[in-house]
Asker: 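One structure is given below, represented as structure tokens, and several questions about it will come after.
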Amino acid sequence: MKQSFISVQKSYPLEGTVNVSGSKNASMVILLSALLAKGISRFYNIPAIADVFQIGNLLQYLGADFTFDVQNNYVEIDTNRVENRPIPDEIMKTTRASILVLGPLLARFGSSFLGLPGGDAIGARPIDLHLDNMAKMGVSVGYANNMVHASVNAITGAYIVLAYPSVGATENILMLATVAQGRTTIVNAAIEPEVLDLIALLQKMGASITVMQTATIVIDGVKQLQPVDTYTIISDRLEAGALLIAAAITGGDIYLPNIMHTMLDVPLLKLAQMGYTIEYSQYMPGIRIKGCTQARAISFKTGPYPNFPTDLQAPMMAALVCAQGISIIEETVFENRLQHAHQLSLLGANIEIIHTNKAKITGVKSIIGATITGNDIRAVCSLVLAGLVAEDTTKVYGVSHWLRGFEGLEKKLNTLGAPVKLEAATSQLTI
Ligand code: UD1
């Protein structure tokens, strides 16, 4: 059978205005958090992407009514008939975010029996920080037949210091803590915009949560949460980052009206250091980027928010391939997330991997299209972006990853003038 790919032609400078879709990562955890309350919750700005459909399948498997009006990016979830069924591996492995069902199930039913989400191309992705810290709140964890069995008699508030500000662990502990007896404090918590969006939703459901300075979240348990009448998810900062980099790489001029700069301050700083002009209001959404004649090399290290996001590391590498000078990228969040470097070098990029997590990029004058493959959402994005400046055609494999993470990003790029096309059998494009 013909394999799907994304075909990319060398682009003229991108120009225009496009809206960014709702955040993938915020949507997944927020849809799962609907399980915390019995009743009907309604959500707007949910992206129609494969990962969200997988979360929908998981919710339906548990007995929830999950209705997705994809035209309007609207989801309605009725959790009245949810049952605490064991969740097999096949369902858990469809997306890493499925582990975020654990906190809500423990909070609502006091137990959960589920398969392990497993590792993926970018690393082993353990869940020790989730489980070890939930144990401090009274949760006992056992393993049988490759499944985790977690149960709790009384969820008790605890003082939790995270050894690393894991996004998923913070979210799971947070959801569980909303109905704990007493106060839970999470020190060294993840404070990514998606975590803050989850907190805003939980507060609307009746949770008592305060975010303190120096990444501390304090949750005072309440008896029960209510379903949310309506909640609108934040815009996707990672899609926004990809679009801004696409404009930068082609020397274009684009405006994204519905994204706050605060979600992207460090990447915006780095783009400015490369020579691009960045404009935004301090108080209102909207970011504009304008191209420059010759971008300069820069260096950065990925890290938890507000540092440079690991999910924009691969796209940014594409932007540095033709930047003048030597750039150093250090990936500190995931152990195996530089694999796109080799694919970029197949286009003619000069990239050397120093140790396993550091890349040295020496800017080249031009690159040439080739057939390349991405192994995760952001890697595929990086390769498509590089294709925009490569001579001739670039053929990028890894369409399933693209569809997992982006809602019609190719169409948004087309609107801005980029010749990017999904080449696939229709059956492979339905999500
Ligand atoms: C989330 C995002 C993902 C993003 C990542 C980091 C979702 C659905 N995904 O993933 O797009 O790249 O944050 O911003 O929101 N770790 C442990 N033990 C744990 C948990 C994590 O060692 O129990 C390690 C991981 O292996 C990784 C690092 O901590 O090396 C960061 O992981 P984490 O912040 O938990 O990422 P996710 O929540 O999986």
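Order of listing sets the numbers, starting from 1, for every ligand and every atom in it. Everything numeric in this text was worked out from a predicted model, so none of it was measured.
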Asker: Give the atoms of ligand 1, by number and element, whose distance to some non-hydrogen atom of G168 is under 4.0 Å.
Answerer: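 Every atom of ligand 1 under 4.0 Å from some heavy atom of G168: 35 (O), 38 (O).
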Asker: May I ask you to check whether E335 has an N/O atom sitting below 3.5 Å from an N/O atom of ligand 1?
Answerer: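 For ligand 1, there is no N or O atom that lies under 3.5 Å from one belonging to E335.
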Asker: Under a 4.0 Å heavy-atom limit, does L129 contact ligand 1 with its side chain, its backbone, both, or neither?
Answerer: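 Answer for L129: both.
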Asker: So E410 and I6, do their side chains get closer than 4.5 Å, heavy atoms only?
Answerer: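 The answer is no, as the side chains (C-beta and beyond) never meet within the 4.5 Å cut-off.
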Asker: Counting only heavy atoms, which portion of M28 has something under 4.0 Å from ligand 1: side chain, backbone, both, or neither?
Answerer: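 The side chain, only.
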Asker: Would V333 count as being in polar contact with ligand 1, using the rule that some N or O on each side must be under 3.5 angstrom apart?
Answerer: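 So ligand 1 has an N or O lying under 3.5 Å from an N or O of V333.
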Asker: Listed by chain and number, what are the side-chain hydrogen bond (donor to acceptor under 3.5 Å, both in side chains) partners of R378, not counting sequence neighbours?
Answerer: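 R378: no side-chain hydrogen bond (donor to acceptor under 3.5 Å, both in side chains) contacts found.
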Asker: Please say whether Y164 places an N or O atom under 3.5 Å from an N or O atom belonging to ligand 1.
Answerer: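 No, no N or O pair falls under 3.5 Å.
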Asker: With distance as the sole criterion, is a donor-acceptor pair present between the side chains of S41 and E76 under 3.5 Å?
Answerer: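 Short answer, no.
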Asker: Atom 20 (C) of ligand 1: which of G303, A169, P126 has the nearest heavy atom?
Answerer: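 When every heavy atom of G303, A169, P126 is considered, P126 comes closest to atom 20 (C) of ligand 1.
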Asker: Are the side chain of T332 and the backbone N or O of T302 linked by a donor-acceptor pair below 3.5 Å?
Answerer: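 Confirmed, T332 side chain pairs with T302 backbone.
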Asker: Answer side chain, backbone, both or neither: which part of R337 comes under 4.0 Å from ligand 1, heavy atoms only.
Answerer: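 The answer is the side chain.
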Asker: Can you confirm if the NZ or CZ of K270 lies within 45° of the ring axis of F300 and under 6.0 Å from the centre of its six-membered ring?
Answerer: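 No, K270 does not sit over the ring of F300.
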Asker: State whether the shortest distance between N or O atoms of R96 and N or O atoms of ligand 1 falls below 3.5 angstrom.
Answerer: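 Not met; the criterion fails.
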Asker: Is a salt bridge present between D376 and R337, judged by a nitrogen-to-oxygen distance below 4.0 Å?
Answerer: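 Answer for the salt bridge query: yes.
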Asker: Which residues pass the side-chain contact (heavy atoms from CB on, under 4.5 Å) test with Q224, not counting sequence neighbours?
Answerer: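 In terms of side-chain contact (heavy atoms from CB on, under 4.5 Å), with neighbours along the sequence ignored, Q224 is linked to Q226.
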Asker: Tell me which one of D376, V167, D311 gets a heavy atom nearest to atom 4 (C) of ligand 1.
Answerer: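 Answer by nearest heavy atom: D311.
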